[in-house]
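What follows is a set of notes on a single structure, which appears directly below.
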Amino acid sequence: VSRDSRIPIARQTEYKVAMMSPAYPIFRVENSNEILPEYLEMWFKRDEFDREAAFIAVGGVRGSMPWNEFSQMQVYVPEIEQQRKIVEAYKIVEDRIKLKRKINDNLGCILDTLFNEIYASLGDDTAVSFEELCSLASSKRVFAEDYCLKGIPFYRGKEITQKKNGELISEPLFISNSHYEALKAKYGVPQIGDILVTAVGTIGNSYMVQKENFYFKDGNIIWLKNFTKEWINYYMYDYMQTAIFRQQLEGICIGSTQTALTIVALSKLKLKVPSDNILKQYYEKSIVIRNVIRANNVEIEHLTLFTQIILSLLSH
């Protein structure tokens with residue numbers, strides 16, 4: 001069982017023959033007329049299954065699931081025709097999610113090409129540091145005892161990455177509405193068009209804020225705001241999705257055991273900026289593509305919720 005209380009189980013579908021580490025048990029369905037492998041895989045994806053597995057797991061920090069314990073766990077097995085209907089319904093939704101993700105990947109490649117064409121045409125004399133284009137800041141500290149069961153979403157680097165990818169937040173955290181309002185009144189909160197960049201662990205994942213209320217963890221995320229030029233936030237955001245940005249990050253991150261990106265280092269990072277006329281033309285192309293990507297991400301979120309509903313109904 002992994003440290004986030006999930007037991008990862010995968011069904012092999014890509015190869016006729018595959019090798020597996022001896023650290024992991026391998027098993028198969030003996031009679032597919034009794035239970036479909038696809039249905040069993042869906043059963044293992046349920047949150048209820050993970051909670052039961054985490055409860056049974058013993059030993060060490062991460063915990064382990066002994067095979068004899070695992071084999072005693074019970075599975076609700078409806079009639080085979082009912083299983084086929086459930087699997088088919090789930091597959092339709094999953095295929096739609098995969099399609100939307102593929103479309104977004106293709107649109108991202110188009111944006112990357114558009115950006116690189118402009119960037120390659122600019123001279124080094126157009127390079128401007130981040131601190132000349134916006135303010136860079138962090139949040140005010142929020143302690144673990146401030147978390148609550150509902151209220152305003154609170155994001156760490158993990159959640160910013162999930163938001164960027166159009167994924168549902170897997171382990172939501174919240175702070176109270178009153179705490180959020182106090183932070184907002186005294187220090188401000190992220191606004192539409194601001195950019196958040198992960199600064200610890202997985203570094204450099206960025207998310208552009210939409211019309212939403214949330215707060216975020218200090219030290220884990222760098223907050224870009226108060227942009228000095230119109231449209232420049234969209235240009236900077238697209239720049240952060242490129243290999244150019246990734247390569248530059250490698251030279252400014254600090255640390256050996258765990259690397260980190262600091263506000264000071266990012267503020268000194270330079271990027272080439274086109275004229276206002278070209279910047280506007282780029283924005284007009286970029287925003288159309290970005291809007292389609294965001295619309296697809298919203299649909300992906302709704303479809304993902306639907307898959308969770310299907311999984312939650314398996315035992316009923």
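The model shown is predicted, which means the values in this text are computed figures rather than measured ones.
Between the side chains of Ser206 and Gln241, at least one donor-acceptor pair of N or O atoms lies under 3.5 Å. A donor atom on one side chain and an acceptor atom on the other are found under 3.5 Å apart for Ser170 and Gln162.
Phe70 and Trp67 have tilted rings, their planes meeting at an angle from 30° to 60° on a 0 to 90° scale. Classified by interplanar angle (parallel below 30°, tilted 30° to 60°, perpendicular above 60°), the ring pair Tyr282/Tyr235 is perpendicular.
The cluster map of Ile, Leu, Val, Met, Phe, Trp and Tyr, joined by side-chain heavy atoms under 4.5 Å apart, puts Leu40 and Leu314 in the same cluster. No single ILVMFWY cluster, assembled from side-chain heavy atoms under 4.5 Å apart, contains both Val200 and Leu269. Leu183 and Val209 are members of different hydrophobic clusters when ILVMFWY side chains are connected at heavy-atom separations under 4.5 Å. Criterion: ILVMFWY side-chain heavy atoms under 4.5 Å apart, direct or through other members. Under it, Leu168 and Leu99 are not part of a common hydrophobic cluster. Placement of Val128 and Ile222 within a single hydrophobic cluster is found when ILVMFWY residues are connected by side-chain heavy-atom separations under 4.5 Å, directly or transitively.
Here the closest non-hydrogen pair linking Phe130 and Met240 is CE2-CE, 3.5 Å. Residues Val87 and Glu38 share a closest heavy-atom pair of CG1-CB, 3.7 Å. When all heavy atoms of Val93 and Leu303 are compared, the pair lying nearest together is CG1-O, 3.5 Å. Counting all heavy atoms, side chain and backbone alike, Asn233 lies closest to Ile195 at O-CD1, 3.4 Å. Annotation for Tyr39 and Pro78: closest pair OH-CD, 3.2 Å, computed over non-hydrogen atoms. Shown here for Gly166 and Glu301, the closest heavy-atom pair between the two residues is O-CG, 3.7 Å.
For the pairing with Ile86, the side chain to side chain contact (heavy atoms under 4.5 Å, CB included) check across Gln82, Arg84, Gln83 returns one residue only, Gln82. Across Asp105, Asn297, Asp95, Asn296, a single residue satisfies side chain to side chain donor-acceptor pair (under 3.5 Å) together with Lys100, and that is Asn296. Paired with Tyr155 under the rule ring-ring contact (aromatic ring centres under 6.0 Å, His included), one option of Tyr215, Phe214, Phe216 passes, and it is Phe214.
Judged purely by atom type and a 3.5 angstrom limit, Ser129 has no side-chain atom pairing as donor or acceptor with the backbone of Lys268. Counting only distance, with no hydrogens or angles, the side chain of Glu94 and the backbone of Ile92 share no donor-acceptor pair below 3.5 Å. Within the 3.5 Å criterion, the main-chain N or O of Gly108 finds no donor-acceptor partner in the side chain of Asp112. With hydrogens and angles disregarded, a donor-acceptor distance shorter than 3.5 Å links the side chain of Ser312 to the backbone of Ile309. Ser21 places no side-chain N or O within 3.5 Å of a backbone atom of Tyr24 that could act as its donor or acceptor partner. At distances below 3.5 Å, at least one donor-acceptor pair connects side-chain atoms of Ser138 with backbone N or O atoms of Gly219. Formation of a donor-acceptor pair under 3.5 Å by the Ser176 side chain with backbone atoms of Gly151 is not found in this model. Using a distance-only test at 3.5 Å, with no hydrogens or angles considered, no donor-acceptor pair links the side chain of Glu30 to the main chain of Arg28. The backbone N or O of Ile103 sits nowhere less than 3.5 Å from a side-chain atom of Asn106 that would complete a donor-acceptor pair.
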I would like to know whether Ile152 and Glu181 meet side-chain contact (heavy atoms from CB on, under 4.5 Å); could you show each step before the answer? CA-CA 10 Å; Ile152 302 297; Glu181 291 298 334; over 6 Å; no
Given Ile244 and Asn116, is the side-chain contact (heavy atoms from CB on, under 4.5 Å) satisfied, shown in steps? CA-CA 9 Å; Ile244 303 169; Asn116 283 314; 3.3 Å; yes
Working for side-chain contact (heavy atoms from CB on, under 4.5 Å), residues Val298 and His302: CA-CA 6 Å; Val298 170; His302 292 160; 3.5 Å; yes
Under the side-chain contact (heavy atoms from CB on, under 4.5 Å) rule, what do Ile169 and Lys163 come out as? Steps first, then yes or no, please. CA-CA 7 Å; Ile169 304 302; Lys163 293 283 287 183; 4.0 Å; yes
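Looking at Pro153 and Pro172, their side chains never come closer than 4.5 Å, going by heavy atoms from C-beta outward. In this structure, the side chains of Met20 and Gln12 stay at 4.5 Å or more apart for every pair of heavy atoms. Within the 4.5 Å cutoff, the side chain of Trp223 has no heavy atoms near those of the Ile263 side chain. Two residues are said to be in side-chain contact when any heavy atoms from C-beta on lie closer than 4.5 Å; Asp238 and Arg290 meet this criterion. Within the 4.5 Å cutoff, side-chain heavy atoms of Arg96 are placed close to those of Glu299. Put simply, the side chain of Leu36 reaches to within 4.5 Å of the side chain of Ile80, judged on heavy atoms. Side-chain contact between Ile9 and Phe27 is present, with at least one heavy-atom pair separated by less than 4.5 Å. Looking at heavy atoms from C-beta onward, Phe245 lies in side-chain contact with Thr242 at the 4.5 angstrom threshold.
Atom CZ of Arg46 is separated from atom CG of Leu313 by 10.0 Å, given to the nearest 0.5 angstrom. Between atom CD of residue Gln210 and atom CD of residue Gln191 there is a gap of 12.5 Å, rounded to the nearest 0.5 Å. Distance check: Asp276 CG to Ile232 CD1 gives 8.5 Å after rounding to the nearest 0.5 Å. The distance from atom CD of Gln248 to atom CG of Leu266, rounded to the nearest 0.5 Å, is 10.0 Å. Of the inter-residue distances, the one linking Phe115 atom CZ with Lys285 atom NZ reads 14.0 Å to the nearest 0.5 angstrom. Here CD1 of Ile293 is found 5.0 Å from CG of Leu107. Values are rounded to the nearest 0.5 Å.
Between Asp194 and Lys225 no salt bridge is recorded (no basic side-chain N to carboxylate O distance below 4.0 Å). Electrostatic pairing of Lys158 and Glu171 counts as a salt bridge here, judged by a charged N lying under 4.0 Å from a carboxylate O. By the 4.0 Å N-to-carboxylate-O rule, Lys85 lies too far from Glu88 to be salt-bridged with it.
The environment of CZ in Phe306 is sparse: at most 12 heavy-atom neighbours from other residues, nucleotides or ligands sit within 6.0 Å. Counting non-hydrogen atoms of neighbouring residues, nucleotides and ligands closer than 6.0 angstrom, the CD atom of Glu79 reaches no more than 12 such neighbours.
Remark: Lys164 fails to qualify as a cation-pi partner of Tyr207 under the 6.0 Å distance and 45° angle criteria applied to the six-membered ring.
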